[in-house]
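Accompanying notes for the structure given below.
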Amino acid sequence: MKAISDETTDSPLSDWDESVCPAQDPDRTESVLTLEVLSEHAGMRLDKFLSEQARGFTRSYLQKLIKDHMVLLNGKSCKASEKLSSGDVIRLSIPEAAELEVLPEDIPLDILYEDQDVVIINKPKGMVVHPGAGHYTGTVVNALLYHCKGELSGINGVLRPGIVHRIDQNTTGSLVICKNDTAHKSLAEQLKNHTITRRYRAIVHGRLTEDGVIHTTIGRHPVKRREMAVNVPNGKNAVTHYHVLETFDQFTYVECVLETGRTHQIRVHMKSIGHPILGDDVYGPSRCPFSGLQGQTLHAMTLGFIHPATEQYVEFEAPLPDYFKELLRKLRRK
């Protein structure tokens, strides 16, 4: 797939860093994306192709857009089941999102620390950080609105109150949320300057015997729009340090320290050196060797920053989740 043109500057398909900067506007206007089908996608169903390329949109939503004539194939309305040919041109229109009301929900949170300025939680696997396409309830934001009784910073709008950075849906661990705008601005500035401590634990494929540093750029994959890739045009500087903790027969337990915070950074970087994260269904092998494992074995263990009120360095640690510890036990028995 080749993007011919992106007719808005704030498209739902645009790149996002892990940090959510105050300047980003969560309210998106209508966007149009024009795609050209390459030979490798010839014969694929239209709806399947779009679900792979349009990051953040479910297949059922895209099927509705096709049915509503918001998708044109070579300038004509089409069916979701249409088979694509090399050279086909697809015009995908994403209608302006209706303003959502994000409601408080009584969802238990594993709180590591809380005061009048910040909350640090241990996010579980499978929980989305903030509402978005396909995930309007059950998110961290829904839970925080209930827990904090609405006392969250408003810099990032109604869909992301208090959210200054994110971790992936299937990544577990430490996440800081801001209760007021002063705290939010302080944490956002620290993220921008790469002064926040972020140490992750991961199990990767293959045997690593030495520590290392991965320094590349990371940007949107030129063909697979839902993925990120290293050393692509318009990529942003990305640095990950990794330290070998334990080596097994076919896997390695590592600690990864982020210097920067790009989308999917650790997952993309470990894949780039031939050691994708165990369970990663996007950047790893198609078959997971451990049945029932859903999503990557990646845990944001340690988070440290200058507290916005006390101006003292504070650090918090989220214990490994049970599924992660059980995997380590299994690997040690082999």
Side-chain angles (χ1 to χ4, degrees), residues 8 10-31 33 50-51 54-65 70 92-111 114 118-181 183-184 187-188 191 225-226 228 261 263-264 282 294-296 300:
T8 64
D10 193 20
S11 164
L13 307 180
S14 62
D15 183 17
W16 283 55
D17 282 350
E18 184 184 64
S19 58
V20 180
C21 300
Q24 292 173 322
D25 183 358
D27 300 319
R28 293 172 166 77
T29 60
E30 180 177 307
S31 61
L33 188 71
L50 288 177
S51 69
R55 184 174 69 95
F57 296 102
T58 64
R59 190 166 176 173
S60 59
Y61 176 72
L62 291 165
Q63 287 171 339
K64 183 179 185 302
L65 291 183
M70 301 296 288
L92 170 64
S93 299
I94 308 297
E96 182 175 358
E99 187 169 334
L100 296 174
E101 182 181 8
V102 184
L103 300 176
E105 295 180 44
D106 187 5
I107 301 171
L109 289 170
D110 183 2
I111 296 176
E114 182 176 9
V118 296
V119 183
I120 290 85
I121 68 166
N122 182 13
K123 189 190 82 67
K125 182 182 279 286
M127 193 175 197
V128 175
V129 172
H130 61 75
H135 299 281
Y136 301 114
T137 61
T139 72
V140 171
V141 165
N142 294 108
L144 285 167
L145 286 171
Y146 182 90
H147 174 78
C148 298
K149 298 179 174 56
E151 294 183 2
L152 296 168
S153 73
I155 287 176
N156 274 323
V158 296
L159 296 185
R160 298 195 297 269
I163 302 301
V164 69
H165 74 124
R166 303 178 297 177
I167 54 180
D168 295 334
Q169 179 178 358
N170 285 323
T171 298
T172 57
S174 305
L175 185 73
V176 60
I177 298 95
C178 297
K179 288 186 171 183
N180 54 66
D181 289 358
H184 192 127
L187 268 294
L191 275 168
R225 291 283 297 186
R226 297 179 67 186
M228 309 300 289
T263 302
H264 299 174
V282 176
Q294 305 216 343
Q296 64 273 3

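No donor-acceptor pair closer than 3.5 Å links the side chain of Asp168 to the backbone N or O of His264. Thr172 contributes no side-chain N or O that, together with a main-chain N or O of Lys125, makes up a donor-acceptor pair within less than 3.5 Å.
Here the side chains of Leu103 and Leu145 are not in contact, with every heavy-atom distance at 4.5 Å or above. Within the 4.5 Å cutoff, the side chain of His165 has heavy atoms near those of the Leu175 side chain. Under the 4.5 Å side-chain criterion, counting only non-hydrogen atoms from C-beta, Tyr61 is in contact with Ile94. You'll find the side chain of Lys123 reaches within 4.5 Å of the side chain of Val129, heavy atoms only. Between Pro161 and Leu144 there is no side-chain heavy-atom pair separated by less than 4.5 Å. Side-chain contact check for Ile177 versus Val141: every heavy-atom pair is 4.5 Å or farther apart.
Tested against Val119, the residues Leu109, Leu152, Ile111, Val176 include a single side-chain contact (heavy atoms from CB on, under 4.5 Å) partner, Ile111.
Scanning for side chain to side chain contact (heavy atoms under 4.5 Å, CB included) contacts around Pro124 gives Met127, with sequence neighbours left out. A search for side chain to side chain contact (heavy atoms under 4.5 Å, CB included) contacts involving Glu151 returns nothing, not counting sequence neighbours. Considering only residues two or more places apart in sequence or on other chains, Glu114 meets the salt bridge (charged side-chain N to carboxylate O under 4.0 Å, His left out) condition with Lys179.
In this structure, OG on Ser51 lies 8.5 Å from CD on Gln63, to the nearest 0.5 angstrom. Separating the CD1 atom in Ile155 from the CG atom in Asn180 is a distance of 9.0 Å, to the nearest 0.5 Å.
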